[in-house]
Protein chains: 2
Amino acid sequence: MRADAARRRVALVREARRLFAENGSDVALDAVAEGAGVGIATLYRNFESRAALVEQVGLAILADLRSATTQAAADLPRNPGHAWRAYVDQLVALDLGALTAALSPDLAGALHGPVSDAQQLSLAAVESLLVGVRAAGLVPADLGALELVVAVGIVTRPQPEAVRQAAPHLVDRLVDVLLAGLLARAGVEAAARVRPT
Amino acid sequence: MRADAARRRVALVREARRLFAENGSDVALDAVAEGAGVGIATLYRNFESRAALVEQVGLAILADLRSATTQAAADLPRNPGHAWRAYVDQLVALDLGALTAALSPDLAGALHGPVSDAQQLSLAAVESLLVGVRAAGLVPADLGALELVVAVGIVTRPQPEAVRQAAPHLVDRLVDVLLAGLLARAGVEAAARVRPT
DNA sequence: CTAAACTGGAGGAAATCTCTCCACTAGAAG
DNA sequence: CTTCTAGTGGAGAGATTTCCTCCAGTTTAG
């Protein structure tokens, strides 16, 4: 494959990811091509169907999720509180909204196949990270990996311009409050363990 | 106006509200008419333009918001914790997602006019409710009315089927955790007031 | 420099959406 | 019950959007 062709392919996936996260996966393919600065023909040559493009976007996001998670797992023992907070911040920047909300209709048909495999790997990583996080008392015992990922996806789904303007930094605050809430719940559990009824 | 005509008009607004909340305000008007069980011509006779329909949906939601808020304000003195919780649960059932997320692009042009007036009234009501809620130590002092409304809108925006299936009851849990987080933050503030640094 | 890989975007086909028109249905007043 | 008229539904023309192919021309690698 020629070098410039590969570059264009990457640009297409990146732009598709951006647009999917912003508007859902039903964006016009023409818009993806234009946004990536390539002709529409190039898109169709690289991705046989819309589903193929969606799949690549899904894989890219899952790969990022997995690497962020491994990183956090390595940092956790040193400073649990800080590592956990930094991890969640990374998740926020990850277009999980695109994965869970926008892509899921298209990915539903791909319950088997590479996306599903990548998803299992990533979720397993998150789950094993959560073992340490729970032990550190940062989240309640019943917080699951899938639940965490979907929750972050919901909170960070991009909002229309008017909303962002009406309540700037709202997402950051929401994340702060959520983390505080998880911590509080973990605290309640711990107290119950120490002094059982 | 004939009685049956009025009934159809209401059905149209109700169906539009449902569909806007579910899919954003760019639903096909044909779909709204069909969902309401009336012909497309009836829709166009009642609402001159798409914007007129959107406006009515906005007014309906804002009216519900306001009445829920007044109700809660009346209940608050008797039992703050319970009233606050019940209020938030009501907000969750209110299609605020439709108001903030789906409608805002169309409503942006209506910055003056009936929708804007209704919004100011409703937000003023929420603000005055929050005075009591803050005093009861249930939320931090800097939680604003608009922020609360938009936050609930974000969290309750409807999710695609696949997401709902992957993590059922997630929205309920999110709301629980959020309330716990707000409470915890309010607690921190209170502690700081008692024992200032 | 040459061959082969690769490109862009015009444009036809297909789908979708908007909105009008008018023959008809069914409330309401007497 | 009859009559008058406000109100109805849905076909379909026209406008818009999206999909996808085709090929003359450009760019890279060797």
Side-chain angles (χ1 to χ4, degrees), chain A residues 1-58 98 101-110 160, chain B residues 1-58 98 101-110 160:
Chain A
M1 180 181 241
R2 247 163 61 176
D4 59 335
R7 246 191 334 267
R8 289 191 185 95
R9 191 175 213 278
V10 170
L12 277 168
V13 173
R14 196 197 344 255
E15 179 67 8
R17 176 170 170 175
R18 205 182 64 76
L19 287 178
F20 287 171
E22 207 164 272
N23 312 314
S25 67
D26 52 354
V27 201
L29 293 186
D30 296 34
V32 175
E34 187 179 1
V38 308
I40 181 66
T42 300
L43 188 155
Y44 279 100
R45 212 172 305 112
N46 275 285
F47 306 98
E48 196 169 291
S49 63
R50 171 184 287 270
L53 177 58
V54 169
E55 184 176 285
Q56 289 308 309
V57 172
L103 305 189
S104 57
D106 295 85
L107 292 180
Chain B
M1 180 181 240
R2 246 163 61 176
D4 58 335
R7 249 194 328 271
R8 289 190 186 96
R9 191 174 212 277
V10 170
L12 277 169
V13 173
R14 195 195 347 254
E15 179 66 9
R17 175 170 172 177
R18 205 182 64 75
L19 287 178
F20 287 171
E22 207 164 271
N23 311 314
S25 67
D26 53 354
V27 201
L29 293 184
D30 297 35
V32 175
E34 187 179 3
V38 308
I40 181 67
T42 300
L43 189 155
Y44 278 99
R45 211 172 308 110
N46 275 283
F47 307 98
E48 196 170 291
S49 63
R50 171 182 288 270
L53 177 58
V54 169
E55 183 175 286
Q56 290 308 308
V57 172
L103 306 189
S104 56
D106 295 86
L107 292 181

Novice: To the nearest Å, give me how far apart CD (A:Glu34) and P (C:dT7) are.
Specialist: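 That distance rounds to 17 Å.
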Novice: Is there a side chain to side chain contact (heavy atoms under 4.5 Å, CB included) between B:Arg9 and B:Met1? Walk through the geometry before answering.
Specialist: CA-CA 11 Å; B:Arg9 191 174 212 277; B:Met1 180 181 240; 4.2 Å; yes
Novice: Write down the distance between CG (B:Asp26) and C1' (C:dT16), rounded to a whole number of angstrom.
Specialist: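 After rounding, the gap between these two atoms is 13 Å.
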Novice: Send over the distance from A:Arg2 CZ to D:dT28 P, rounded to a whole Å.
Specialist: 7 Å
Novice: Does OP1 or OP2 of D:dG7 have a side-chain N or O of B:Arg8 closer than 4.0 Å?
Specialist: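 No, because none of the side-chain N or O atoms of B:Arg8 sits under 4.0 Å from OP1 or OP2 of D:dG7.
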Novice: For the side chain of A:Met1, starting at C-beta, report the closest nucleotide among C:dT18, C:dA10, C:dC6.
Specialist: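 The nucleotide sitting nearest to the side chain is C:dC6.
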Novice: Once you round it to whole Å, what is the distance between P of C:dA13 and CG of A:Asp30?
Specialist: 18 Å
Novice: Side chains of A:Tyr44 and A:Leu29: does their closest heavy-atom pair fall under 4.5 Å?
Specialist: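 Of all side-chain heavy-atom pairs linking A:Leu29 with A:Tyr44, at least one is under 4.5 Å.
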Novice: Base, sugar-phosphate, or nothing: which does A:Ala3 touch, judged by heavy atoms less than 4.0 Å apart?
Specialist: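 It contacts sugar-phosphate atoms only.
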Novice: For B:Arg7 and for B:Leu29, find the nucleotide of DNA chain C with the closest heavy atom, then tell me which residue's nucleotide is more 5'.
Specialist: B:Leu29
Novice: Please determine whether side chain to side chain contact (heavy atoms under 4.5 Å, CB included) holds for the pair B:Phe20 and B:Asp26, giving the CA-CA distance in whole Å, both sets of side-chain angles, and the decisive distance to 0.1 Å.
Specialist: CA-CA 8 Å; B:Phe20 287 171; B:Asp26 53 354; over 6 Å; no
Novice: So if I take every side-chain heavy atom of A:Ile40 and compare against C:dA10, C:dT20, D:dG9, which nucleotide ends up nearest?
Specialist: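 Closest of the options to the side chain of A:Ile40: C:dA10.
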Novice: Measure from the side-chain heavy atoms of B:Thr42 and tell me the nearest of D:dC19, C:dT18, D:dG9.
Specialist: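 Closest nucleotide to the B:Thr42 side chain: D:dG9.
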Novice: Can you tell me the distance, in whole Å, between the CG atom of A:Asp4 and the P atom of D:dT28?
Specialist: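 The distance from CG of A:Asp4 to P of D:dT28 comes to 6 Å, rounded to the nearest Å.
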Novice: Give one of base, sugar-phosphate or nothing for A:Ala41, where a contact means two heavy atoms less than 4.0 Å apart.
Specialist: base
Novice: Would you call B:Phe47 and B:Val54 a side-chain contact if the rule is heavy atoms closer than 4.5 Å?
Specialist: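 Sidechains of B:Val54 and B:Phe47: no contact.
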Novice: Out of C:dC6, D:dC20, D:dC19, which has the shortest distance to the side chain of A:Arg50?
Specialist: D:dC19
Novice: Nearest whole angstrom, please: distance from the P of C:dG9 to the CZ of A:Arg45.
Specialist: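 Atom CZ in A:Arg45 sits about 12 Å away from atom P in C:dG9.
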Novice: Would you mind reading off the distance between A:Leu43 atom CG and D:dC19 atom P, rounded to a whole angstrom?
Specialist: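 Distance check: A:Leu43 CG to D:dC19 P gives 10 Å.
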Novice: Do the side chain of A:Arg50 and the main chain of A:Ser25 share a donor and acceptor less than 3.5 angstrom apart?
Specialist: yes
Novice: Whole angstrom is fine here: how far is it from CZ in A:Arg9 over to P in C:dA5?
Specialist: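 Taking CZ of A:Arg9 and P of C:dA5, I get 17 Å after rounding.
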